[in-house]
*Asks:* 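Dropping a structure here in structure tokens format, bear with me for questions.
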Amino acid sequence: MTSRPVIAVIGGGAAGTAFLAACARELSADSREFAADIHVFDPTDRFGPGVAYARDTHAALLNRPMSAMSVDYNDPGQFRRWLNRSAEQLRSTAIPLDWKAASAFAPRAAFGHYLEGVFAGACDDLEHLGARVTTVRSSVTEIAEVTEAARVAGAAGITEATEGPDAYTITTADGMRFTADSVILAVGTLPPVDVFGLAGAPGFIAQPYPLAPSLACVDPADRVLVLGTGLTAVDSALVLTEQGVRVTLASRSGFVPDVRSSPVSRWDDPEHPFGGLELAARGSVTLRDIYALIDSSLRDHGTSLRDAVRPYAERWPAAQLLRSRLADPGPAGLLQRCVTALTPAYSALWRALPPAEQRAFLRRHHRAFACLRNPMPPVNARKLVTLAEAGDVSFRRGVTAVRRDPSGGFTAAFADGSTERYDRVVNAVGRTNDLTAAPEGSLLRDLARRSLVAAHPAGGIQVEPESNRALRPDGTPRPGFHVVGDLASGVHFHSSSMEYVARQAARVARYSVDEHDRYALQAV
């Protein structure tokens, strides 16, 4: 190895792009002598979009307004400005957008174009600041630790060995090997879990995204079961119905995402919302404490937590919930504003909950919280209501089993004792961060098997909260091994939104740049 530090970024999607952009912000012209070489590994044909924002049908919309999407959370209008500058280019790709409305919901594919541009711009900025960026179009199959790593300084012929961060060897699917001082694991979410063991069955679509190619095989005459009722399931249903297919959305809870409301209130001091950080600083917090904090804020604005969550607490049918929210978004809008303003306190509040309280939340309340925290665009809610009234979309709760029929197709069983037959099943159960659900032979399964990372009881990988360094099974931080994105959610709770990913990426970039600057200065 040379005296020049090397960073390996595993994943070239949104999380990896946010890290590169943050590194470019951290570096200065004065640090170019010590800037790192950066290798970015991703098997896709485009760096930036990843699977989540790949080229796709324009019916698949972001669930947040374009004015709230940015790789730099300190600059929330960045994506919208990029859209305005890129209007003609995007229109040439037939992406329809309302450029005037700040609350308009852009297609996911448009955000993918933006991420591709951010990735290219970050690489260009880093090159000008002395960092050499190399993209490797291959998946990583193994990361191994190099023990007793040492670095030889090259200045003035001095060969003094200095103890630096552990080094890692990176092996790709096509047999290439690289050595790096540090690793940034930014692989996004795991594939949807195959809940009923249907992998390989004819007619089973294991991964809906990108929607256009994965659902193109569905015939309008097919009876289709979409497993899941969250945002992925909604996207799948809207694409399928555009193809003339009738769809049933089914899950255990039957909960559908809430409907996105326009901001209806302005909260004081959004960086310290409602005393969230102060509450976390007490050291031990209960769910009752957090709910009381939210309820108090809602009561100050004329509603209550009970009123806002009533459709979920009373298990309203999906179409009824959507109609209600579209007609009167008031209580839901206030709660959405509240839980969004709590974002800076999520990580601290989550870690302040005892493990038993964390488990209770995940078991009893997390599904409803996800529906409230990640609501769907109103335009999609209106489409679903219209489709439900026409009989083109139906919702079922309490799905207990889906079995392959020997004669072809599938039979689904429900908690009420009924069964239904379907020709195709779309696996839209949404994200998971359970390492035990990682596919056999995958990088994450290998990292866990060889104890390079430790699984968190609440999902994902155990990380040090301040630096996002992965923890060894003995609880000590692994030098130079950072995790960015949803795989850190066991420690940070809500890590899948772009804002949260960007916050993590900025923190890890700051830590990584400082770490390598310190190391390079010692070596000279």
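The analysis underlying the following values was restricted to heavy atoms, covering all of them including side chains, and did not include hydrogens, waters or symmetry mates.
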*Asks:* Just how far is it from atom CG of D392 to atom CD of E242, taken to the nearest 0.5 Å?
*Replies:* 12.0 Å
*Asks:* Closest approach of S284 and P354, non-hydrogen atoms and distance?
*Replies:* OG-CG, 4.3 Å
*Asks:* Below 4.0 angstrom, N of the basic side chain to O of the carboxylate: do D423 and R223 qualify?
*Replies:* no
*Asks:* Start with the C-alpha gap between L387 and L238, add the side-chain angles, then the distance that decides, and say whether side-chain contact (heavy atoms from CB on, under 4.5 Å) holds.
*Replies:* CA-CA 9 Å; L387 290 166; L238 293 177; 3.9 Å; yes
*Asks:* Run the side-chain hydrogen bond (donor to acceptor under 3.5 Å, both in side chains) test on S304 and D295 for me, step by step, so that the C-alpha distance in whole Å, both residues' side-chain angles and the decisive distance to 0.1 Å come before the verdict.
*Replies:* CA-CA 5 Å; S304 69; D295 185 62; 4.5 Å; no
*Asks:* Looking at every heavy atom in both V463 and V491, which two are closest together, and how far apart are they?
*Replies:* O-CG2, 3.6 Å
*Asks:* Could you tell me whether D405 and R421 make a salt bridge, using a distance below 4.0 angstrom between a side-chain N and a carboxylate O?
*Replies:* yes
*Asks:* Take T303 and R299 through the test side-chain hydrogen bond (donor to acceptor under 3.5 Å, both in side chains) and record every step on the way to the result.
*Replies:* CA-CA 5 Å; T303 187; R299 288 183 182 279; over 6 Å; no
*Asks:* For residues V259 and A381, report the shortest heavy-atom separation together with the two atoms involved.
*Replies:* CG2-CB, 3.6 Å
*Asks:* Answer yes or no for R503 and Y73: cation-pi contact, defined as NZ/CZ to six-membered ring centre under 6.0 Å and angle to ring axis within 45°.
*Replies:* yes
*Asks:* So, R323 and E389, do they make that salt bridge, N to O below 4.0 Å?
*Replies:* yes
*Asks:* Which heavy atom in S236 sits nearest to a heavy atom in V426, and how many Å separate them?
*Replies:* OG-CG1, 4.1 Å
*Asks:* Hey, does the side chain of S324 reach the backbone of Q320 with a donor-acceptor pair shorter than 3.5 angstrom?
*Replies:* no
*Asks:* In sequence, state the C-alpha distance, the side-chain angles, and the governing distance for V483 and V508, and then conclude on side-chain contact (heavy atoms from CB on, under 4.5 Å).
*Replies:* CA-CA 8 Å; V483 180; V508 171; over 6 Å; no
*Asks:* Apply side-chain contact (heavy atoms from CB on, under 4.5 Å) to the pair L443 and T141, showing each step before the final yes or no.
*Replies:* CA-CA 5 Å; L443 172 64; T141 57; over 6 Å; no
*Asks:* Please name the residue in the list L335, V309, L334 that meets the side-chain contact (heavy atoms from CB on, under 4.5 Å) test with I294.
*Replies:* L335
*Asks:* Between R315 and R397, is the side-chain contact (heavy atoms from CB on, under 4.5 Å) condition met? List the steps.
*Replies:* CA-CA 10 Å; R315 304 181 70 84; R397 70 164 60 119; 3.7 Å; yes
*Asks:* Working note: F369 + F493, criterion ring-ring contact (aromatic ring centres under 6.0 Å, His included); need CA distance, chi angles, decisive distance, verdict.
*Replies:* CA-CA 12 Å; F369 170 84; F493 177 55; 5.4 Å; yes
*Asks:* Could you grab the distance from atom OG1 of T17 to atom CZ of F119, nearest 0.5 Å is fine?
*Replies:* 6.0 Å
*Asks:* Using modelled atom types and a 3.5 Å cut-off, is there a donor and acceptor pairing between side-chain atoms of R445 and backbone atoms of A438?
*Replies:* yes
*Asks:* When you measure from the side chain of Q462 to the backbone of A454, do you find a donor-acceptor pair of N or O atoms at a distance under 3.5 Å?
*Replies:* no
*Asks:* Just checking, is any N or O donor in the side chain of D174 or S138 under 3.5 Å from an acceptor N or O on the other one?
*Replies:* yes
*Asks:* Would you confirm whether S296, through its side chain, and L293, through its main-chain N or O, come within 3.5 Å as a donor-acceptor pair?
*Replies:* no
*Asks:* Please check if the side chain of Y312 supplies one atom and the backbone of V256 the other of a donor-acceptor pair under 3.5 Å.
*Replies:* yes
*Asks:* Would T343 and R373 count as a side-chain hydrogen bond (donor to acceptor under 3.5 Å, both in side chains) if you check the C-alpha gap in whole Å, the side-chain angles of each, and the deciding distance to 0.1 Å?
*Replies:* CA-CA 10 Å; T343 298; R373 179 63 178 85; 3.0 Å; yes
*Asks:* For F79 and Y114, run ring-ring contact (aromatic ring centres under 6.0 Å, His included): C-alpha distance rounded to whole Å, both residues' side-chain angles, the deciding distance at 0.1 Å, then the answer.
*Replies:* CA-CA 7 Å; F79 175 49; Y114 159 75; 4.9 Å; yes
*Asks:* Judged by modelled atom types alone, do N433 and H456 share a side-chain donor-acceptor pair under 3.5 Å?
*Replies:* no
*Asks:* Assess the residue pair R396 and D416 against the criterion (salt bridge (charged side-chain N to carboxylate O under 4.0 Å, His left out)); give the C-alpha distance rounded to whole Å, side-chain angles, the decisive distance to 0.1 Å, and a yes or no.
*Replies:* CA-CA 10 Å; R396 293 291 305 267; D416 62 6; 3.3 Å; yes
*Asks:* To check you understand the geometry: which heavy-atom pair defines the closest contact between Q358 and L353, and what is its length?
*Replies:* NE2-O, 3.7 Å
*Asks:* Below 4.0 angstrom, N of the basic side chain to O of the carboxylate: do R137 and D42 qualify?
*Replies:* no
*Asks:* Is the distance from the ring center of F410 to that of Y422 below 6.0 Å?
*Replies:* no
*Asks:* Does the side-chain hydrogen bond (donor to acceptor under 3.5 Å, both in side chains) test come out yes or no for Y168 and R478, once each step is laid out?
*Replies:* CA-CA 11 Å; Y168 300 90; R478 184 172 293 285; 4.8 Å; no
*Asks:* Taking atom CD of E464 and atom OG1 of T476, what is their separation to the nearest 0.5 Å?
*Replies:* 10.0 Å
*Asks:* Does a side-chain heavy-atom distance below 4.5 Å link L61 with V379?
*Replies:* yes
*Asks:* T411 side chain to R403 main-chain N or O, any donor-acceptor pair under 3.5 Å?
*Replies:* no
*Asks:* Which heavy-atom pair separates P257 from L321 by the least distance, and what is that distance?
*Replies:* O-CD2, 4.5 Å
*Asks:* Considering residues, nucleotides and ligands other than R252, do more than 12 of their heavy atoms fall under 6.0 Å from its CZ?
*Replies:* no
*Asks:* To the nearest 0.5 Å, what is the distance between CG (L298) and CG (D307)?
*Replies:* 9.0 Å
*Asks:* For the side chain of R260 and the backbone of N63, is there at least one donor-acceptor N/O pair under 3.5 Å apart?
*Replies:* yes
*Asks:* Does the side chain of D486 pick up a donor-acceptor pair with the side chain of T189 at under 3.5 Å?
*Replies:* no
*Asks:* Taking only distance into account, with no hydrogens and no angle test, what donor-acceptor pairs under 3.5 Å do side-chain atoms of residues 196-219 form with protein atoms, sequence neighbours excluded?
*Replies:*
unit_1 : atom_1 : unit_2 : atom_2 : d
Q207   : OE1    : Y209   : N      : 3.2
Y209   : OH     : D235   : OD2    : 2.7
S214   : OG     : P208   : O      : 2.4
S214   : OG     : P210   : O      : 3.1
S214   : OG     : L211   : O      : 3.4
D219   : OD1    : A221   : N      : 2.8

*Asks:* Any side-chain to backbone donor/acceptor pair from T229 onto F255? Under 3.5 Å, distance only.
*Replies:* yes
*Asks:* Taking S261's backbone N and O only, do any of them form a donor-acceptor pair with Q336's side chain (distance below 3.5 Å, no angle check)?
*Replies:* yes
*Asks:* Once rounded to the nearest 0.5 Å, what's the spacing between atom CZ of R325 and atom CG of L322?
*Replies:* 10.0 Å
*Asks:* Contact between S489 and Y500 at the side-chain level, heavy atoms closer than 4.5 Å - yes or no?
*Replies:* no
*Asks:* Can any side-chain N or O of R472 pair as donor or acceptor with the backbone N or O of P477 at less than 3.5 Å?
*Replies:* yes
